[in-house]
Trainee: 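Structure incoming, see below.
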Amino acid sequence: LLVQALSNLGASYYQQKQYDQALECYQYQLKIIQTLDDANGEAKLQNNLGNVYFAKGDFKGAAQAYQSWLIRARNLGERAGEGRALSNIGNVYHAEGESEKAIECYVQDLEIAREIGDRRGEAYVLGNLATAYASLQAFAHAKVYSEQHLTLVRELGDRPHEQTALTHLGNIYALSQMRLFAIHCFQAALSIAETLEDYENQADLHDKLAYLYLQQRHWDRSIIHYQKVLATAQLAQAIDCFQQVVRIRRQLGDLSGVAKGWVILGKTLKQNGQIEHSLNAFQQAHKIFETIGDVDLVARCDAVLQSFESE
């Protein structure tokens, strides 16, 4: 139970980008696992440690952890883990600017993924190969792998990764000076980002489109996208702030603070024309205010919700 609790706590810290705390949890977990002679558990933990070191920019620590994971996965005959460890080692090489070595690792992972029928793993490494070749300005190779990546994630029905694949392919086209193809890819990716309410990537894609239209001398279209960059970025900041407020308030058991966070988000969404999502935010706030018996704030939420009906 303690091992699982440490794993869950470490994962939570990692997701919140509190990497030092995550590392402390995983290192303590490692000490316990080593006394239990749990080879499989230790192999998986080395992956978690590598991810934390990588996020901290400690590439030496990440490489050591991933190498340890690779050795243990091979000893256990765990082919999927072996492939993922190879890709993660490749990621370290790529981050250090050694893209040729990264490609060697990715190719090995690709062979394993295809051998064991791991289609999601195959899609993941195809994206890595496209990125690595693009960094070497080998755009023909990058395009081949990027197109394979896009085809596979579409077959899997994986919309978030389809958005990523389209963005990567658009980047390759843009770097190859094939601007119209790049615009087509970025527009398709933007459509998915809007469906997924992925505001951070929406801002990035509007920025890419604005720059390409600027290069094409389509001034009006460029201005429209730059304006959307500002609006979307502000919205993304507001949502991130809201999520932090809600997380902290929930930890403190402050339901009133959580509800007020929903109100802030509702106002921001409404100002940005996200009416349906704004309505949902105010409804969430209304439920909490009713639960805690805050009659005054329930009445205020009622008034806001009625204003939606009249619009």
Side-chain angles (χ1 to χ4, degrees), residues 1-76 78-99 101-102 104-106 108-109 112-113 118 120-121 124-125 127-128 131-132 135 160-161 164 198 200-201 236-237 239-253:
L1 290 175
L2 178 57
V3 169
Q4 188 59 51
L6 286 166
S7 179
N8 293 340
L9 185 57
S12 179
Y13 279 130
Y14 179 77
Q15 289 171 357
Q16 295 177 35
K17 299 182 180 181
Q18 297 181 41
Y19 301 125
D20 290 334
Q21 292 91 327
L23 188 60
E24 186 178 344
C25 288
Y26 289 144
Q27 287 173 334
Y28 187 24
Q29 183 188 359
L30 179 61
K31 290 179 181 178
I32 298 173
I33 285 179
Q34 287 173 335
T35 65
L36 300 174
D37 194 27
D38 180 359
N40 188 52
E42 186 174 349
K44 293 179 179 178
L45 181 55
Q46 290 294 344
N47 173 44
N48 291 341
L49 282 165
N51 292 341
V52 174
Y53 283 126
F54 189 86
K56 283 168 62 67
D58 181 355
F59 299 134
K60 182 179 179 180
Q64 289 174 344
Y66 292 143
Q67 285 285 0
S68 180
W69 180 27
L70 176 62
I71 292 168
R72 285 166 172 75
R74 283 175 171 166
N75 289 339
L76 292 165
E78 213 279 283
R79 295 287 277 163
E82 179 184 349
R84 185 52 60 90
L86 283 163
S87 258
N88 284 355
I89 292 167
N91 291 342
V92 174
Y93 280 130
H94 183 65
E96 292 180 325
E98 298 188 65
S99 296
K101 290 183 179 179
E104 291 177 11
C105 293
Y106 295 151
Q108 291 179 69
D109 181 19
I112 292 172
D118 180 4
R120 290 194 179 277
Y124 172 79
V125 73
N128 284 345
T131 302
S135 69
H161 284 101
T164 301
D198 181 351
E200 184 176 348
N201 280 313
Q237 275 187 332
I239 291 173
D240 182 60
C241 179
F242 155 75
Q243 290 171 337
Q244 291 182 48
V245 167
V246 168
R247 183 172 62 248
I248 293 168
R249 293 301 179 186
R250 277 183 177 153
Q251 289 173 350
L252 296 172

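Everything quoted here is computed from the prediction, not taken from an experiment.
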Trainee: Can you establish whether the number of heavy atoms outside Glu200 located under 6.0 Å from its atom CD is more than 12?
Mentor: no

Trainee: Take Ser99 and Tyr93, measure what side chain to side chain contact (heavy atoms under 4.5 Å, CB included) needs, and give me the verdict at the end.
Mentor: CA-CA 6 Å; Ser99 296; Tyr93 280 130; over 6 Å; no

Trainee: When rounded to the nearest 0.5 angstrom, what distance separates CG in Leu45 from CD in Gln27?
Mentor: 9.5 Å

Trainee: Any chance you could measure Leu9, atom CG, to Cys25, atom SG, to the nearest 0.5 Å?
Mentor: 3.5 Å

Trainee: Rounded to the nearest 0.5 Å, how far does CG of Asn128 lie from OH of Tyr124?
Mentor: 4.5 Å

Trainee: Ser68 vs Gln64, test: side chain to side chain donor-acceptor pair (under 3.5 Å). Steps then yes/no.
Mentor: CA-CA 6 Å; Ser68 180; Gln64 289 174 344; over 6 Å; no

Trainee: State yes or no: are the ring centers of Phe59 and Phe54 separated by less than 6.0 Å?
Mentor: yes

Trainee: Identify the heavy atoms of Tyr53 and Ala65 that sit nearest to each other, and give their distance.
Mentor: CD1-CB, 4.5 Å

Trainee: Can you establish whether the number of heavy atoms outside His161 located under 6.0 Å from its atom NE2 is more than 12?
Mentor: no

Trainee: Treating Tyr26 as the side-chain partner and Ala11 as the backbone partner, does any N or O pair qualify as donor plus acceptor under 3.5 Å?
Mentor: yes

Trainee: To the nearest 0.5 angstrom, please state how far the CG atom of Asp118 sits from the CD1 atom of Ile112.
Mentor: 10.5 Å

Trainee: Let me confirm one number: the CD-CG distance from Glu24 to Leu6, rounded to the nearest 0.5 Å.
Mentor: 10.0 Å

Trainee: Considering only NZ, NE, NH1 and NH2 on the basic side and carboxylate oxygens on the acidic side, decide whether Arg79 and Glu82 come within less than 4.0 Å.
Mentor: yes

Trainee: Check whether Tyr66 reaches the backbone of Gly50 with its side chain - one donor and one acceptor, N or O, closer than 3.5 Å.
Mentor: yes

Trainee: For Gln46 and Leu30, what are the C-alpha separation, side-chain angles and deciding distance, and is it a side chain to side chain contact (heavy atoms under 4.5 Å, CB included)?
Mentor: CA-CA 8 Å; Gln46 290 294 344; Leu30 179 61; 4.0 Å; yes

Trainee: From Leu86 CG over to Arg74 CZ, what is the distance, rounded to the nearest 0.5 angstrom?
Mentor: 5.5 Å

Trainee: Between Asp20 and Lys56, is any pair of side-chain heavy atoms under 4.5 Å apart?
Mentor: yes

Trainee: How about Val52 and Leu49: do any of their side-chain heavy atoms sit closer than 4.5 Å?
Mentor: no

Trainee: Kindly give the heavy-atom pair with the smallest separation between Ala73 and Gly81, and that separation in Å.
Mentor: CB-C, 3.9 Å

Trainee: What pair of heavy atoms forms the shortest contact from Tyr106 to Ser87, and how long is it?
Mentor: CE2-O, 3.3 Å

Trainee: Check whether any side-chain N or O of Tyr14 sits under 3.5 Å from a backbone N or O of Leu23 as a donor-acceptor pair, and report yes or no.
Mentor: no

